[in-house]
Every structure is written in structure tokens, then in C-alpha cells.
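One structure is given here, and the rest of the page talks about it.
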Amino acid sequence: MNVNEKDYRKKVYDVVSEIPAGRVMTYGQIAIVLGEGYTPRTVGYVMHAAETENVPWQRVINSQGACSTGRMTIPMNLQQELLETEGIVFNEKGRCDLRVFQWHPEGFEPEEDIQPSLLG
DNA sequence: AACTTGACGAGGG
DNA sequence: CCCCTCGCCAAGT
């Protein structure tokens, strides 16, 4: 039997559902985790419908640490406000520090490249 | 079936 | 740093 075509989106929602409060993932990162067939753009395309799904859609932001919901149906400040409620800090340019807040699923942890001095 | 449109991202200037 | 260009691929027209 053929697999449900909606499975393409479901896989994205599954990953998003794993993001804990107070952490974020980027569109590109999710595309890498899901592998072939997924690109940052298609992940974004899936996410535009996520507001009606039962997933923490607000925890997905762009690679610069900023919210991309600007001109869409969602007010751009709503996403940021929700994340700030979870403890994420944004600077005056609307960007947060991914070195601090980015979530890495199991099996996708980064190498120890991070300089502790940068976190202070 | 062809063309356009994105909640994107890397790289060059 | 900011700005622009190009690649990416599902969906809508």
C-alpha cells in the first residue's frame, strides 16, 4: 500500500514536537535531520500550516536566530513573544543566540567546537 | 503540463 | 555587518 502523502509533513511535525520549551531549531537544521527530499524552503512551506497542528511551531526560526513570520498570517511579534515567555532572549534586532538556544536532537549533536568563552 | 511562490540558506560583494 | 543572487522542492494556479 502507498504511504500517506501527508507523511511528508508529518515527519516535519514529528521533529518539531521534540523541541523542548526554551529551545529552537532552524528550518535548515530540520531539513538536514530529515534528509533527502527536504530543504530549508520545503520545511518552511510545511511550517506555514503548522499553526493549526498540535505542534510548538514557534520554536522553529531561521538560521540567523530570528523569526520569519513577518508578512504571513501570524504577527511577527507573536512568535517572538511566545519564545520570550519560554525564556529565550532576543536582542534589539530581533535575533537570539543560536549557540545558546538551538536544540540538537539525539544523534545530531554538534562537535565540541563551541568556545566556552563565547558563552559568557 | 508549465510557471510561480514561499515561516530558507550559503556564499560572494 | 548588510544586500543581492541563486539553489532548493512541494503546492497552488
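Being a predicted model, the structure only gives us computed values, none of them experimental. Chain identifiers are assigned alphabetically (A, B, ...) following the order of the sequence lines, protein sequences preceding nucleic acid strands; residue numbering begins at 1 within each chain.
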Report yes or no: do A:E86 and A:Q58 form a side-chain donor-acceptor pair below 3.5 Å? yes
Is there a donor in the side chain of A:Y8 and an acceptor in the side chain of A:T42, or the other way round, less than 3.5 Å apart? yes
Working to the nearest 0.5 angstrom, can you tell me the gap between A:N62 CG and A:T26 OG1? 8.0 Å
Nearest-nucleotide check on DNA chain C, A:R95 vs A:G37; residue mapping nearer the 5' end is A:R95
By the 4.0 Å heavy-atom rule, please label A:T42 as base, sugar-phosphate, or nothing. base
Close N or O pairs between protein and nucleotides 4-7 of chain C (under 3.5 Å):
residue : atom : partner : partner atom : Å
C:dG7   : O6   : A:R41   : NH1          : 3.1

Separation of A:N62 atom CG from B:dG6 atom P, in whole Å? 17 Å
Side chain of A:Y45: nearest nucleotide among B:dG6, B:dA7, B:dA10? B:dG6
Check the distance between B:dG9's C1' and A:I61's CD1 and give it to me in whole angstrom. 14 Å
How long is the line joining CZ of A:R9 and P of C:dC9, in whole Å? 17 Å
What distance do A:Y38 atom OH and A:I30 atom CD1 have between them, rounded to the nearest 0.5 Å? 11.0 Å
For the pair made of NZ in A:K93 and P in C:dC1, what is the distance, rounded to whole Å? 6 Å
Which whole-number value in Å describes the distance from A:I32 CD1 to B:dG9 C1'? 10 Å
Between A:K11 (NZ) and C:dA10 (P), how many Å, whole number? 12 Å
Please tell me whether A:Y45 and A:V16 are part of a single hydrophobic cluster in this structure, the criterion being side-chain heavy atoms less than 4.5 Å apart. no
Is A:V60 touching bases, backbone alone, or none of the nucleic acid, heavy atoms closer than 4.0 Å? base
Tell me what A:Q64 touches on the nucleic acid: a base, only sugar-phosphate, or nothing, going by heavy atoms under 4.0 Å. nothing
Does A:N54, at its CG atom, have more than 12 non-hydrogen atoms belonging to other residues, nucleotides or ligands within less than 6.0 Å? no
Distance below 4.0 Å between A:T39 side-chain N/O and B:dC8 OP1 or OP2: no
Can you tell me the distance, in whole Å, between the OH atom of A:Y38 and the C1' atom of B:dG6? 17 Å
Starting at CE of A:M25, measure out to CD1 of A:I61 and round the result to the nearest 0.5 Å. 11.0 Å
Rounded to whole Å, the CG-C1' distance (A:N77 to B:dA7) equals 15 Å
